[in-house]
Number of protein chains: 2
Amino acid sequence: MPAAYASADKRAELVTAATTLLHEQGFHRTTLADVADRASVPLGNLYYYFKTKEALAEAVIAAHEQALRERFASWDAAQRDPRARLRQLVRAPLDTSDRVIQFGCPHGSLCQELEKLGKDAPLARAGARLLAVYIDWTDSQFRALGCEKREARALAADLVASVQGTMLLANTLRSPELLAAQLRRVERWLDGAGPSTLPSPARPNRPRSRS
Amino acid sequence: MPAAYASADKRAELVTAATTLLHEQGFHRTTLADVADRASVPLGNLYYYFKTKEALAEAVIAAHEQALRERFASWDAAQRDPRARLRQLVRAPLDTSDRVIQFGCPHGSLCQELEKLGKDAPLARAGARLLAVYIDWTDSQFRALGCEKREARALAADLVASVQGTMLLANTLRSPELLAAQLRRVERWLDGAGPSTLPSPARPNRPRSRS
DNA sequence: GTCTATAAATTGATAGAC
DNA sequence: GTCTATCAATTTATAGAC
């Protein structure tokens, strides 16, 4: 039934267009006309799928959230060593280096903008879920490494904060070199991070390809 | 001559009002009417002092920049130990903890928003100067600690990224506890950071008041 | 220099034909 | 379900009196 799917497709196309534009321009600077144009949908038609601009943004965040969970699940499946999984997280910004340099982190920059709507704003709460997904997954990796509850939580915050801060700096200074160099340093820090009671966990296939 | 000073005062009041509002609401969400109201100045009068909204924002950034330089200079004067100066930097967000939790870092969140205007946008370049001031000062402290050029640069990026990332997380998750706990961890990291050739510099009056 | 009124453009959202 | 036309509100910026 092409008709039924056409509807779902247009909705998905609108979300995709909005996702890109929210990353590139931010929420407030992106107009619904921008989104409609990019999705090749007449402006008025957009309101058939999303009652308000906020509803569209919530759909974008929901899509981000699902994509994040899927990515984490694929790392969980591909790597047995939690430390190797965390390395994927640290290296991830390099896969889209150009866009990170130009527009910052698609999740972090969105959160920063949405938080200014106020702590009770639905969009702010939705954005916060994104970062929570990051931290919760990172936390569970450190737990799998043998960290106790409090330490795993703190190390997760350390790691996510470092990666987020690195992207902010690299974006602001427009420096791909800074992005790569600092992420490498975070990776090195990660190799030493872990349960403080143990000296250092075994790292069988620790890659030293660079430098 | 009260008349001459009235002019300078109103200009300064507009900048102050705009600084607060840009922090609380961001650039795009803050209207010139907001600024005029908060400064108790009629809207039309604002244009006597600032030709455009961008010009006002540039004045805000210039004020931020000057305030930053003065703060750094006061730390330079008050502390002889570069590591003690860097501790001030790490602890600084605690002085305005409530506002950091509510609105994020006044400099970092502004940069993130302005960078989306494009790398050649005057406001984006102005914002980038702010973070550059942070990094340059931090860099010079690590140099004073005896770090070589490249290492000092990298450590400065480490430190500023960690603090910025921590503020982003604490703001998004609305957690003063996370802010305090993570900044304490950055401080502990700082105590161990330094020239890699030396084991660890002397820390005469290292405070352990917390915990 | 200061202020009121308003222009000009943008934009979120709706009405209503098809 | 889809699309055009348009409203209503907002907002940057200007005109012109005082």
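Heavy atoms only: backbone and side chains are in, while hydrogens, waters and symmetry mates are out. Numbered from 1 within each chain, the chains take letters A, B, ... in sequence-line order.
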Closest listed nucleotide, where the reference is the side chain of K10(A) and the choices are dG12(C), dT12(D), dC3(D): dC3(D)
Residue Y49(A), side-chain atoms from C-beta onward, closest of dT4(C), dA13(C), dT2(D): dT2(D)
Ion pair check, R150(B) and D139(B), cut-off under 4.0 Å: no
L46(A) CG to dT14(C) P, straight-line distance once rounded to whole Å: 12 Å
Salt-bridge criterion met for D76(A) and R85(A) (N-O under 4.0 Å): yes
Rounded distance in Å - CG (L14(B)) to P (dT2(C)): 10 Å
Given DNA chain C, 5'-ward residue of the pair K51(A) and T31(A), judged by closest heavy atom: T31(A)
Contact under 4.0 Å: Y48(A) side-chain N or O vs dT2(D) OP1/OP2: no
Pair W137(A) + W75(A): ring centers closer than 6.0 Å: yes
D34(B) CG - dT10(D) C1' separation (whole Å): 11 Å
Spacing between E13(B) atom CD and dT2(C) atom P, to the nearest angstrom: 11 Å
Minimum-distance nucleotide (side-chain atoms of P42(B) versus dA13(C), dC3(C), dA13(D)): dC3(C)
Under 4.0 angstrom between Y47(A) side-chain N/O and dA15(C) OP1 or OP2: no
Between P of dT10(D) and NE2 of H28(A), the distance in whole Å: 14 Å
K116(B) (side chain) donor-acceptor with G104(A) (main chain) under 3.5 angstrom: no
Interatomic distance, L32(A) CG vs dA8(D) C1' [rounded to whole Å]: 15 Å
Length of the line joining F27(B):CZ and dT11(D):P, which is rounded to integer Å: 13 Å
Nucleotide dT10(C), atom P - distance to CD of Q25(A) in whole Å: 14 Å
Side-chain touch V133(A)/H64(A), heavy atoms, less than 4.5 angstrom: no
Of the listed nucleotides dA13(C), dT2(C), dT2(D), the one nearest the side chain of N45(A): dT2(D)
